[in-house]
Amino acid sequence: MVKVRIAVTGATGFIGGRLIRHAVRRGDTVTALVRRQSDTTALRRTGAGVREVDWATGAGITDAIAGVECVVHLAGATAARNRADYLRGNGDTAAVLARCLASLPDPPRLVHCSSLAAAGPSVPGRPRTEADPPNPVSHYGGSKLAGEAAVRAVCERVRVVIVRPPIVYGPGDREFLPRLIPLVRAGLLPKAGTGLRWYSLIHVDDLVRALFAAAVRGETVRNSAHTCATGVYFVSDGHEYSWQDIAKTAARALGRPTPVVFPVPLAMAQLLACGAEFAARAGGRVSLLNRDKAREMRYHAWTCSPQAAARELNFTAEIPLRLGIEELIGPDAEETGRRRGRVSNKPNDMSS
């Protein structure tokens, strides 16, 4: 196992917290870059170094990353009030980090965690590949693509690898399973629109392994129209799941009957998203269900092929959906996790 000196942004979030636990456990020297207002109590207990930075001005970033071999960029916004806020959270943050890295005499490798949303939806039965031109359909996806453009802009100075995961679930997840499980227990699961919907997924521990792989191997980004796919990697568990498949898998783990999956007209889904968004805004919050998410719901497939990652990063996911869900919510969840030698499966222990 290759041990590295690594810096991590987004360290108090779902993926960042999990990555730091694994990095510390395997003996890496870890520096976590955090905002001043972040709650770092759990993060400090891991033994990682903690450095406060300002993502608006870049203050503290250059000093924090000096001497590391790799920076894994996970900071960003998964929900925002409007397009400008998404761009600020995902595009501007990446640009500030990229400029700081490029200013160093010997910049570390940058692993930029983007999203399938930056590439856009796929066609049922044909998962997206890196060679497909990006076509984001939401403000979130557009902002993630803006983040990719920001790191591409420094690829002559900085070795950049871009990783695009699909839906990520696992310990600490506050979006996918926490919304799915109550509906499965209730026996009724809504689905936006008619016809089958298809999704790629990846367990957070497999995503962490992919990010580690990208930190030490694989091609790096080149700023040429002929090589736009070089250094970009989709990662998933290699399967395409229908919404019914996901529902059946979760129900089996819970020991419940398969829920009835019923279609919600897209116009009604849009209306519900508007209501959730405005209710959250009235309470000073940001809703995970919003008009931007409703834009993504219109499409029948959000799938991607991990073949390039298998070929060039030597990465293959180890955790199928059935096992990943059973380890989280099944009757023997904790025992199964311990038997596989995972770090703690307590949800949200590192999230903020």
Side-chain angles (χ1 to χ4, degrees), residues 10 15 72-80 83 86-87 89-91 93-95 98 110-153 155 160-169 175-176 192 197-202 204 206-207 210-211 213-214 218-241 292-313 315 317:
I15 300 169
V72 180
H73 182 48
L74 296 164
T78 56
R83 180 175 180 271
Y86 275 117
L87 286 171
N90 296 319
T93 298
L110 171 62
V111 177
H112 177 77
C113 189
S114 183
S115 170
L116 171 58
S122 56
V123 175
R126 187 189 177 281
R128 265 195 172 269
T129 71
E130 293 78 3
D132 295 324
N135 182 32
V137 296
S138 62
H139 294 328
Y140 171 69
S143 70
K144 295 300 282 186
L145 189 60
E148 291 188 13
V151 299
R152 278 185 181 277
C155 70
V160 176
V161 182
I162 296 171
V163 176
R164 292 175 177 165
I167 295 170
V168 184
Y169 71 98
E175 296 185 24
F176 180 62
R197 294 304 203 259
W198 298 92
Y199 302 93
S200 290
L201 293 95
I202 190 167
V204 64
D206 275 333
L207 175 55
L211 295 169
E219 297 283 348
T220 55
V221 167
R222 299 171 196 169
N223 221 355
S224 163
H226 300 293
T227 57
C228 61
T230 303
V232 180
Y233 298 98
F234 286 112
V235 293
S236 77
D237 68 5
H239 298 280
E240 298 174 64
Y241 299 98
D292 199 54
K293 186 59 66 177
R295 292 185 187 98
E296 296 180 348
M297 291 178 186
R298 296 199 298 259
Y299 296 88
H300 285 262
W302 288 90
T303 59
C304 56
S305 169
Q307 290 183 6
R311 185 173 60 250
E312 299 177 18
L313 300 182
F315 166 77

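Source: prediction; values computed, not measured. Atom set for the values below is all heavy atoms of this structure, side chains included, hydrogens, waters and symmetry mates excluded.
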Any donor-acceptor N or O pair under 3.5 Å, side chains Tyr199, Glu240: no
Measuring from Ser115:OG to Ile162:CD1, what's the distance to the nearest 0.5 Å? 12.5 Å
Taking all atoms of both residues into account, what is the closest heavy-atom pair of Met297 and Arg197, and its distance? O-NH2, 3.3 Å
Ala77 backbone acceptor or donor facing Asn90 side chain under 3.5 Å: yes
Taking atom types as modelled and ignoring hydrogens, do the side chains of Ser138 and Glu296 form a donor-acceptor contact shorter than 3.5 angstrom? yes
Could you give the distance from NZ (Lys144) to OG (Ser114), rounded to the nearest 0.5 Å? 5.5 Å
Contact summary for Asn135 and Pro121, nearest pair of heavy atoms: O-CD, 3.9 Å
One should read off an interatomic distance between Ile167 CD1 and Leu201 CG, to the nearest 0.5 angstrom, of 4.5 Å
Are any of the side-chain heavy atoms of Asp206 and Val235 separated by less than 4.5 Å? no
For a side chain to side chain contact (heavy atoms under 4.5 Å, CB included) check, start with the C-alpha distance between Thr220 and Val160, then their side-chain angles and the critical distance, and finish with the verdict. CA-CA 5 Å; Thr220 55; Val160 176; 5.7 Å; no
Please confirm whether the backbone N or O of Pro133 pairs with a side-chain atom of Arg128, one donor and one acceptor, at under 3.5 Å? yes
Stepwise, does the side chain to side chain contact (heavy atoms under 4.5 Å, CB included) test hold for Val161 with Val221? CA-CA 6 Å; Val161 182; Val221 167; 6.0 Å; no
Aromatic plane relationship, His239 with Tyr241 - under 30° parallel, 30 to 60° tilted, over 60° perpendicular: tilted
Could you tell me which non-hydrogen atom of Ala98 sits nearest to which non-hydrogen atom of Ala150, and how far apart they are? CB-O, 3.7 Å
Using side chain to side chain contact (heavy atoms under 4.5 Å, CB included), reason through Val163 and Leu211 one step at a time and then give a plain yes or no. CA-CA 7 Å; Val163 176; Leu211 295 169; 4.0 Å; yes
Do Ser122 and Thr303 get their side chains close enough for a donor-acceptor pair, meaning under 3.5 Å? yes
When you look at Glu148 and Arg164, which way does the salt bridge (Lys or Arg N to Asp or Glu O under 4.0 Å) test go after all the steps? CA-CA 10 Å; Glu148 291 188 13; Arg164 292 175 177 165; 2.9 Å; yes
Donor-acceptor under 3.5 Å (Tyr233 side chain, Glu219 main chain): yes
Could you tell me which non-hydrogen atom of Thr78 sits nearest to which non-hydrogen atom of Tyr140, and how far apart they are? CA-CE1, 3.9 Å
Is the side chain of Asp237 donor-acceptor paired with the backbone N or O of Ile202 at a distance under 3.5 Å, no angle test? no
Gap between atom OG1 of Thr93 and atom NE2 of His73 - 0.5 Å precision: 6.0 Å
Which heavy atom of Pro166 sits nearest to which heavy atom of Ser236, and what is that distance? CG-CB, 4.0 Å
Heavy-atom nearest pair, Ala117 first then Trp302, reads CA-CZ3, 4.0 Å
Got a second to check how far Arg222's CZ is from Cys228's SG, nearest 0.5 Å? 12.0 Å
Any side-chain heavy-atom pair of Pro165 and Cys113 under 4.5 Å: yes
